[in-house]
Number of protein chains: 2
Amino acid sequence: MNELLVGEGRALKHVQVREYVRSLVKDAAPGSPAPSERELVHRFGVARMTVRQAMDALVVEGLLERIPGRGTFVARPRREVGRLLGYTEEMTRRGLLGESQTLLARREQAGPGVARALSITEGDAVIHWKRLRRADGVPMCIEDAYLNEILIPGFLQSGMPTSLYDALDSRGLRPTWAEDSITADVASEEEAGHLEIDPGAAVLRQSRRALAGEKVVEVSRSVYRADRFTLWVQLGSPG
Amino acid sequence: MNELLVGEGRALKHVQVREYVRSLVKDAAPGSPAPSERELVHRFGVARMTVRQAMDALVVEGLLERIPGRGTFVARPRREVGRLLGYTEEMTRRGLLGESQTLLARREQAGPGVARALSITEGDAVIHWKRLRRADGVPMCIEDAYLNEILIPGFLQSGMPTSLYDALDSRGLRPTWAEDSITADVASEEEAGHLEIDPGAAVLRQSRRALAGEKVVEVSRSVYRADRFTLWVQLGSPG
DNA sequence: CAGTGGTCTAGACCACAGT
DNA sequence: CTGTGGTCTAGACCACTGG
């Protein structure tokens with residue numbers, strides 16, 4: 001469990017075996033056989049329970065699959081909820097060039113709504129960052145985000161990053177979980193101006209509460225041009 | 001692993017221990033201590049590795065949490081992607097009464113698009129089921145669904161169920177995974193008539209591909225009144 | 001038949017918590 | 001200090017698979 005905390009010199013045997021098998025299996029096709037447990041026992045000179053501990057971890061991880069009487073095999077990749085993507089990554093994945101234009105970036109005191117959403121106290125410092133997002137040069141979305149300043153001290157002074165999620169990542173605060181609410185609406189005058197659409201055109205509104213571990217790092221409201229953006233979500237339990 | 005396949009008489013020790021601990025812990029508050037491993041060794045007269053196998057399963061399940069040097073404790077419930085809900089359940093959860101009015105229900109041959117989405121062959125039999133959904137008596141959504149007829153023989157003849165997902169559930173085909181695409185739009189004339197809104201009013205369009213295990217059981221397009229419906233989604237990896 | 005994973009034993013030493 | 005979980009050993013028998 002705590003291999004990252006182990007000092008340099010130590011190397012737990014089950015970890016050695018696990019990583020050996022992982023490296024063997026890394027680029028193998030699904031269905032390829034992994035070494036048998038008894039083969040690993042001989043190769044590493046360890047007890048079978050130790051080998052099983054190593055293999056168990058890889059099975060739980062979804063990398064291997066045991067078939068009684070036959071052997072252990074590379075599992076077909078399980079369906080999984082994708083990594084949580086920021087706007088720039090999302091656009092890159094769609095083959096578009098994502099750009100941002102900052103409309104507002106300043107330190108504020110949290111109002112009651114933002115404070116509740118960020119799980120902080122009203123009046124605490126927050127970063128308010130509003131951006132116009134483009135894709136291949138054409139307006140795509142307006143994002144209005146609030147960040148918990150306590151978690152990212154000096155954020156405004158350090159120069160605004162291109163990708164918020166990358167910036168959070170570098171602080172060990174990449175969101176891995178988000179709660180979104182999504183609704184359809186029509187664009188207001190102001191939104192229409194920024195997005196270069198007609199007032200009354202359809203837009204998709206997304207409110208996000210993004211967490212890194214237990215910490216709420218970002219709450220935001222985004223409004224997307226409906227004619228340019230479709231949201232994809234996977235729901236339920238992989239498997 | 002295969003406790004369900006085990007004959008009546010057999011009872012694997014690690015399963016006995018696991019279920020004993022599970023029952024102890026079922027209604028316990030997070031943070032409550034579970035029996036220590038050595039205590040279970042004495043209680044069941046088994047080896048410690050056997051107890052660990054039992055506890056490991058509960059830890060992987062997220063029910064228990066080990067703290068080295070302290071003991072094993074009931075874990076706080078992990079964040080999890082919710083069970084995939086059908087319309088009726090979704091409305092119930094929101095405190096609304098969900099009702100359906102069938103607009104169309106018949107057997108058809110799959111066209112190319114539906115066939116691809118259902119992972120079947122063009123011309124295969126499908127159930128085409130179009131419904132107007134109400135919440136507390138007011139139109140909420142129009143759902144146009146296609147079901148793989150091979151998976152649910154006699155579906156049309158058996159009387160249309162109130163809840164599609166419950167009906168699938170009873171056949172062991174409750175969807176546990178869905179891929180949705182969501183976009184905003186304005187209502188067409190026909191949609192506006194059904195939904196009792198003005199043409200041009202904002203609507204949320206949701207295309208769903210729902211799977212039970214590996215089988216695609218349902219593909220559907222729904223159009224929701226934006227003034228009455230907000231979609232909630234959780235993204236990322238629980239934990 | 002030989003080989004596989006699944007289960008199980010009866011010990012052992014370690015690092016770490018709390019008293 | 002005692003008690004905890006974490007690691008590890010060197011065997012064993014079982015049910016199952018495939019040739």
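Every chain is numbered from 1, with letters handed out A, B, ... down the list of sequences.
- Contact between the side-chain N/O atoms of B:T50 and the OP1/OP2 oxygens of C:dT9 is found at a separation under 4.0 Å.
- Here A:R70 reaches the OP1 or OP2 of D:dG18: one of its side-chain N or O atoms lies under 4.0 Å away.
- Shown here for A:N148 and A:L118, the closest heavy-atom pair between the two residues is N-CD1, 4.0 Å.
- Across D:dT9, C:dT9, C:dT7, the shortest atom-to-atom separation from the side chain of A:A47 is found for D:dT9.
- As rounded to whole Å, 12 Å separates atom P of D:dA10 from atom NE2 of A:H42.
- Remark: P of D:dA12 and CZ of A:R52 are 18 Å apart, rounded to the nearest angstrom.
- Residues B:R208 and B:A178 approach most closely at NE-CB, 3.8 Å, considering heavy atoms.
- Between B:E149 and B:R107 there is a salt bridge, since a side-chain N of the basic residue sits under 4.0 Å from a carboxylate O of the acidic one.
- In this structure, A:M49 places its CE atom 13 Å from C1' of D:dG6, rounding to the nearest Å.
- Rounded to an integer number of Å, the gap from CZ of A:F44 to C1' of D:dC8 is 15 Å.
- If you measure from atom NZ of A:K13 to atom C1' of D:dT9, you get 9 Å, rounded to the nearest angstrom.
- Between the C1' atom of D:dT17 and the CZ atom of A:R38 lies a distance of 13 Å, rounded to the nearest Å.
- Of the side-chain N and O atoms in B:S36, none sit less than 4.0 angstrom from OP1 or OP2 of D:dG3.
- Figure legend. C:dA17 is base-paired to no nucleotide; pairs are counted as Watson-Crick or G-U wobble with both atom distances under 3.5 Å.
- Between A:E37 atom CD and C:dT7 atom C1' the separation is 11 Å, expressed in whole Å.
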Would you sort out whether A:R70 and A:E65 count as a salt bridge (Lys or Arg N to Asp or Glu O under 4.0 Å), showing the intermediate values?
CA-CA 11 Å; A:R70 302 236 294 123; A:E65 180 184 9; over 6 Å; no
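- A straight line from NE2 of A:H14 to C1' of D:dG6 spans 9 Å, rounded to a whole angstrom.
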